[in-house]
Amino acid sequence: MLVVVTGVSGTGKTTLGMGLSQALGLPFLDADQFHPPANIEKMGRGEPLTDADRQPWLAALASKLLDIEKQGGAVLACSALKNTYRQQLQVSDQLRWIHLTGSRDLIWERMLARQNHYMKAGMLDSQLSIWEKPSSGKLIDISGTPAQVLEASLHYLTQQEMKMNMGVIGMGVMGKSLALNLAENGVSVSLYNRFVAGKEEGIAQKVLDENPEFAQTAAFEDLQAFVTSLATPRRILMMIPAGAAIDAQLDALIPLLGKDDLVIDGGNSFYLDSDRRVNRLKEVGMHFLPMGVSGGEEGARKGPSIMPGGNAEGYALVEDFLGRISAKDKDGKPCVTYVGPGGSGHFIKMVHNSIEYGEMQVLAELVHLLRFGFGCSAAQVSEIFSDWGKGELKSFLLEITADLLLFKEGGELLLDKILDQAGQKGTGAWSLTTALEYGIPYSPLAEAVNARGVSGEKAMRVAFSKTFQHEFQPVEGALETWLPKIKEAYALARIINHEVGFRLMKTVSDAKGWDLNFNEIARIWTNGCIIRSGLMERISANYADPISFFEMAGVKEQVISGRKNLAEIVGLALTKGFALPVMSAGINYLLGRITAESSASVIQAQRDYFGAHTYQRKDDSSGKFYHTQWTNS
Ligand code: NAP
């Protein structure tokens, strides 16, 4: 066992550390002995250390802890005032933290009583000002006697000895992958899956049996035993279906949990349900994190993009763990960030999925047009997409579409054997209803949802194609001439999809006072998630405001040059019998947004004509409303 006793100078770290060392039969280490001479001199002069001064000291301590763990462990007394210092010392998940705290007056009194120590009592305030509330371990108040402090510490350590850092509920595709990812990254984890006699039995144990390499794991199908297995404050991640299952699981969990415990909903719940659940857990003194996770099964196992919102104190309890398991951006930073309060984490995941719907649909439209309009083989389309993916159009979805166009089963293209009825689970439609509720134009992404609906009516489509003798017409002219235009049209359709999604996010963020950070949201979407792309990297670096989205560096030029091409490709495809719902809605949306003199004057005149709804005039800037008697009758 490794134990680190932390606290500002004067809290009694050495006294407790030596007591623990004796009681546990482990050697005692004093972190002060590892300071380089320059630090000791500086402290002796009464000068506070900087983070840079502390670096060599923390590195030496971390290396010592790693070494000594192999020999059975130790007790270390170390100030470790900030969470970043503590993270640097967390060399093993066997390491336990005791944090000594007390009132400033009490610590001051004890410091003044000390002799022969290079710390000056006056440095206490500087230490207290940088001390951060720890995200793990046990806080112990020093107002008791040294014997009482030792007893409380021993009680905690013996209780914690076999406890797991985190629990995961739901051993389906995502829960299992995230649990294994946690275990691989040094987080001990308890796995739980519901028990349904004769149907769902031993599911969590099966996960362990299939993955014997992870020793720091335990399996449960009894909820009470699962909860008891966790270190406090407990951290539980639910990966189960959205809706009633989440409320039912919370009903079962809450009576078993205690104050300050944390529950995370990592599924695709509706954000208003999540708003409600954050409040529900807050009322009973617990933390709740509604958390979007993107990346599918592989992402969850190897590094997803993670979007936690809700209770910020709860986030601090798992920030380190989530950082370890998430994907990393191009600068090596974890693709996870605290998104904002309430259900904001689930809200941005919902919009993320809606953009995903749009991006998938545009690719589906192009595959169809290239194959059945331009007569390309699937392999040729794959080559075109791979080529685009080498440049600024790179994206995960483009890459996988190029791949699946080559996949053969029994020598034949698997794609052509897949029934053309697209499924959906909810997030796309929820985004659309939210956009309608907030009055935000959403037609391109709404069309991606509608297209899946139309695809579902297979029998009717087949019957109507006969009734109306519908067939695709070949496009005249060489593909080489069209290809640069198709590429630009594709690039612009994607920009429009993203603009629509970001605009909805900004509108709802403002209305709910969430103050979402969109550069940061785009940054955590640059890796691990399904809509990672070169475009997302540009948005992350340049996003300023939804109003100027189209004017962003590197985007404005594409809006200017791609506009005619998108219109031309859509026009061409429509006349040849191809439905391109997202690309057509995209060009309509863009033209609508850049038209200074719109056709809405006609609408206002009609409204006033039949319903006396009134209108405002261009030649009167006062905002006054007019009504006209349009007929004599
Ligand atoms: P899944 O493979 O179907 O697994 C669902 C898990 O939930 C199973 O362990 C299942 O247990 C359990 N479960 C089902 N109904 C339950 C209930 N009423 N009470 C308690 N447990 C129940 O689903 P998944 O793909 O892992 O998805 C989990 C969540 O993550 C969903 O909200 C999903 O939308 C979201 N998500 C999925 C992906 C993805 O790519 N798959 C990506 C991001 C987010 P049994 O085995 O006993 O049925």
Side-chain angles (χ1 to χ4, degrees), residues 167-182 189-208 210 219-224 226-227 236-254 256 263-271 273-274 277 289-309 322 325-327 335-336 339 343 345-357 360 396-397 400 422-431 524-525 528-532:
V168 180
I169 292 182
M171 287 297 109
V173 173
M174 295 297 283
K176 171 181 156 181
S177 304
L178 286 168
L180 295 176
N181 188 349
L182 283 161
V189 57
S190 291
L191 318 183
Y192 169 86
N193 201 85
R194 65 180 173 169
F195 174 86
V196 183
K199 224 172 122 201
E200 310 285 342
E201 294 184 6
I203 306 279
Q205 187 56 48
K206 204 167 146 231
V207 175
L208 291 198
E210 287 166 357
F220 299 89
E221 49 192 8
D222 174 75
L223 196 61
Q224 173 70 74
F226 164 76
V227 168
I236 295 174
L237 166 63
M238 298 188 293
M239 289 308 297
I240 64 175
I246 297 288
D247 285 317
Q249 191 65 70
L250 287 175
D251 289 344
L253 260 181
I254 289 173
L256 308 179
V263 183
I264 307 171
D265 173 8
N268 283 335
S269 293
F270 185 50
Y271 76 100
D273 289 338
S274 303
R277 290 171 188 143
L289 287 192
M291 182 172 93
V293 179
S294 176
E297 183 176 19
E298 186 171 309
R301 181 67 185 83
K302 296 184 182 158
S305 167
I306 310 180
M307 303 149 230
L322 297 180
I325 65 167
S326 70
C335 287
V336 54
V339 175
H346 276 149
F347 170 76
I348 69 155
K349 174 67 194 325
M350 176 187 85
V351 180
H352 163 288
N353 283 16
S354 170
I355 298 172
E356 180 183 307
Y357 270 51
M360 291 167 74
F396 170 72
L397 284 169
I400 64 161
Q424 54 181 312
K425 283 191 180 156
T427 44
W430 292 339
S431 302
I524 64 167
W525 288 351
C529 77
I530 304 293
I531 57 172
R532 60 187 184 260

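Counting from 1, the numbers follow the sequence of the chain as shown. Both ligands and their constituent atoms are indexed starting at 1 by order of listing.
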Measuring from [atom], which candidate in [options] has the nearest non-hydrogen atom?
atom	options	result
atom 6 (C) of ligand 1	Lys176, Met239, Lys199	Met239
atom 11 (O) of ligand 1	Val207, Val173, Asn193, Leu223	Asn193
atom 18 (N) of ligand 1	Gly175, Ala245, Gly426	Ala245
atom 42 (C) of ligand 1	Met238, Met174, Met171	Met174

Would you say the side-chain atoms of Asn193 pair up with the backbone N or O of Met171, donor to acceptor, closer than 3.5 Å?
yes

Ligand-residue contact atoms, ligand 1 with Ala242, heavy atoms, under 4.0 Å
32 (O)

Relative to the heavy atoms of Gly296, which atoms of ligand 1 are at a distance of less than 4.0 Å?
40 (O)

If we set the cut-off at 4.0 Å for heavy atoms, which region of Gln249 has an atom near ligand 1: side chain, backbone, both, or neither?
side chain

Applying a 4.0 Å heavy-atom criterion (strictly less than), which segment of Val293 is in contact with ligand 1: side chain, backbone, both, or neither?
backbone

For atom 12 (C) of ligand 1, which protein heavy atom lies nearest, and how many Å away is it?
Ile240 CG2, 3.9 Å

Which of parallel (below 30°), tilted (30 to 60°) and perpendicular (above 60°) describes Phe270 and Trp430?
tilted

Kindly indicate whether the side chain of Asn268, heavy atoms from C-beta on, has any atom under 4.5 Å from the side chain of Lys349.
yes

Using non-hydrogen atoms of the residue, decide whether Lys349 is closer than 4.0 angstrom to ligand 1.
yes

Measure the CD-OH distance between Gln249 and Tyr192 for me, rounded to the nearest 0.5 Å.
5.5 Å

